[in-house]
Amino acid sequence: MRAFDLLRLAGLVLWWVTTSSLARAQQPTLAGRWNAGAMRADWAVGQWGGACGPAPSGTGAPGGIVTVTQQGSELVMSGAGRTFSTAECWEQFPGLVRTSHASGARNWHSACRTGAGDPRQASLVTSISATDTQITFDETGQYQFVINGQNCTASVRRARVMLLQQREGESPAPAIPADSAAAAALAPSADPGAKAARSCVAPGPPERLEVRPSRKLIRAGESFQFRALVLDAAGCATGATPTFHLLTPDSTLTLTSRGLITVPDNAPESTVELQASLGERSVRVEVEIASAARYDALLAQDGLNAAGESNDAAVARIATSSIGSGKATAPDDSGRRRALFVAVVGGVAMVLGLLGFVLVQRSRVAEPSPEPEPRRARLPPALTPHQPPPLGMICPTCREEYPSDVEFCRNDGNRLLPAQSANDTTGPSGGVCPVCGQGFDPGVNHCPKHGEELVPVAASSALHRESAAQIRKICPVCGKYFPGESQFCGGCGASLVQVN
């Protein structure tokens, strides 16, 4: 057997060992039977004249048993009202078309809207997230019609929680009323206006501070309660409460420490900045005070919903050590398991590498020197046939080129695409999540895992360029080493870890 074939065999053995270990560590399937609570629909009606007819109201769908199947990266849910896929919006309003979609291992995000020329303007954002035992559905919609010269505006939030009853191939889980979990997860808390907290038995340390909305348009003489939530790594509410402060000096607006603002009747038009703080971390939100005469015009031009709120949240990552919490938590041995896995894979790779080196050296000694080939006449350069080099692969996020045998971008982990031409690097670039560093294709605006708005590649790479030169990283799956500026493995797309 030739040395080259032995090396290929060694590589296949290493690939098998790596993929087998990775498969054992994968998350369990979401396919099976789930207990779905009734879908809750909360409507907020803005302008609604007599020509608009009855104001919208009502619930979304009844509860019941739902059968979940997996089709590629998407879920299909049958039962409790209808069959629904994570690749679509729940609302089936006439003329709605899906405009964007993003999917991850346990997160899905779809946006739908009517055409620009449709007099019935509607836009929807559908988000679905899942853990091993719970699937959470959340959809927001805005509607704006003009009937006989009268504006008809309304917004809705639909929400539902499904709890695992029996995973495919496993015994049934203990029955838990889905409506009780949905009420705990979606109903307003005792604190006025605070965002609903997910039901978790033992939440972990605070990791994410979220305040909604990030921008609010308000009239003089009105009050508003900002909604603040502190979550752990699994998305469970921790119970921690941030403190609000007024940043804009000499403002007539009054603010409580829990985020309730009150604008006097004689307040002038202005923009006021607030800050919500938890430990050493804080986020800023903006309040724009408008007169009654200019409120509708500002609402239309600023891209806010019918309630005068932005659809996004102000978010900050929290360093747990800065909170000063003395709560005891169960030890997390995932780091030890990962280090053990990397050590095993690295040891196997080293043994196979040494074996290949020995075989190559033996083959060089055993193989006789080849007979020199007869000298052939060399064609002039003009007569040598020209073969164009292969185009290779290109990252749709940062537009960096790679050889044809690389599948994932080292910088942002996005899957590479075949380059269409030698000038393919001039196409549009995608964005990068500022939290996890994952890259996405052009047209995707938010990270499906963290909900963060994507930033340009140049802005993301500048955050870690200075310290990257002194760091080496390794792929925990295949054991390959990479320079510090790389974030993802070019061979399998896994996130790299720093070598101590």
Side-chain angles (χ1 to χ4, degrees), residues 36-64 77 80-85 88-100 109-128 136-162 178-179 182-183 185-188 192-193 195-196 212-213 215-219 222-225 227 292 295-313:
M39 181 174 292
R40 173 174 172 175
D42 295 325
W43 287 89
V45 180
Q47 295 180 332
W48 204 265
C52 302
S57 61
T59 58
M77 311 173 192
R82 57 174 281 201
T83 298
F84 169 72
S85 170
E88 59 183 329
C89 297
W90 175 271
E91 174 67 86
Q92 296 179 315
F93 190 83
L96 276 174
V97 177
R98 194 184 77 177
T99 56
S100 66
H109 183 88
S110 299
C112 305
R113 66 180 309 115
T114 52
D118 196 326
R120 302 166 301 176
Q121 286 296 302
S123 62
L124 296 164
V125 176
T126 306
S127 299
I128 300 172
T136 302
F137 170 91
D138 188 273
E139 181 177 84
T140 58
Q142 286 81 40
Y143 309 87
Q144 184 173 7
F145 309 152
V146 179
I147 302 177
N148 296 333
Q150 295 184 1
N151 288 329
C152 312
T153 60
S155 62
V156 66
R157 181 192 178 194
R158 301 181 181 92
R160 155 183 277 175
V161 170
M162 298 193 304
D179 286 331
L186 303 173
K195 183 178 179 180
R212 292 181 180 271
R215 187 164 176 267
K216 169 64 179 174
L217 180 66
I218 191 171
R219 299 182 185 91
E222 294 182 341
S223 298
F224 179 76
Q225 174 70 57
R227 304 178 290 277
Y295 180 86
D296 291 337
L298 292 174
L299 183 66
Q301 74 181 25
D302 288 352
L304 306 176
N305 60 26
E309 304 175 14
S310 62
N311 293 323
D312 58 339

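Heads up: numbering here begins at 1 and tracks the sequence.
Every side chain to side chain contact (heavy atoms under 4.5 Å, CB included) that T83 has, sequence neighbours left out, goes to V76, S78. With sequence neighbours left out, R98 forms a salt bridge (charged side-chain N to carboxylate O under 4.0 Å, His left out) with no residue at all. A search for ring pair (Phe, Tyr, Trp, His ring centres under 6.0 Å) contacts involving W48 returns nothing, not counting sequence neighbours. Contacts of T99 classified as side chain to side chain contact (heavy atoms under 4.5 Å, CB included), with partners at least two apart in sequence or in another chain: A111, R113. In this view, R219 and E222, Y295, D296 satisfy the side chain to side chain contact (heavy atoms under 4.5 Å, CB included) rule, not counting sequence neighbours.
Minimum heavy-atom separation, A38 to R160: C-NE, 4.4 Å. In terms of heavy-atom proximity, D118 sits nearest to P94 at OD2-O, 4.4 Å. When all heavy atoms of A55 and V45 are compared, the closest pair comes out as CB-CG2, 4.3 Å. Nearest heavy atom pair, residue L124 against residue G141, reads CD2-CA, 3.5 Å. When every heavy atom of N305 is checked against every heavy atom of L299, the shortest pair comes out as O-CD1, 3.1 Å. Across all non-hydrogen atoms, the minimal contact from L96 to C112 is CD2-C, 4.1 Å.
There is a side-chain donor-acceptor pair under 3.5 Å between D312 and S310.
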Test log, rule side chain to side chain contact (heavy atoms under 4.5 Å, CB included), inputs L304 and R215 = CA-CA 9 Å; L304 306 176; R215 187 164 176 267; 3.7 Å; yes

Give the C-alpha distance, both sets of side-chain angles, the deciding distance and a yes or no for side chain to side chain contact (heavy atoms under 4.5 Å, CB included) between Y143 and V156.
-> CA-CA 9 Å; Y143 309 87; V156 66; 3.7 Å; yes

Go through the steps for V125 and H109 under the test side chain to side chain contact (heavy atoms under 4.5 Å, CB included), then give the verdict.
-> CA-CA 7 Å; V125 176; H109 183 88; 3.3 Å; yes

Show your reasoning for whether side chain to side chain contact (heavy atoms under 4.5 Å, CB included) applies to N151 and V146.
-> CA-CA 5 Å; N151 288 329; V146 179; 3.6 Å; yes

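No donor-acceptor pair closer than 3.5 Å links the side chain of E139 to the backbone N or O of C89. Side-chain N or O atoms of Q144 include none that pairs as donor or acceptor with a backbone N or O of P119 at under 3.5 Å. In this structure, the side chain of R157 does not engage the main chain of R40 through any donor-acceptor pair within 3.5 Å. No donor-acceptor pair under 3.5 Å is formed between the side chain of E309 and the backbone N or O of P213. Within the 3.5 Å criterion, the main-chain N or O of Q47 finds a donor-acceptor partner in the side chain of T153.
Side-chain contact between F137 and M162 is absent, with no heavy-atom pair separated by less than 4.5 Å.
Note that OG1 of T126 is 6.0 Å distant from CZ of F84, once rounded to the nearest 0.5 Å.
Remark: R158 engages E91 in a salt bridge, criterion side-chain N to carboxylate O under 4.0 Å.
Residue pairs meeting the salt bridge (charged side-chain N to carboxylate O under 4.0 Å, His left out) criterion with at least one partner in residues 145-154, sequence neighbours excluded, are absent.
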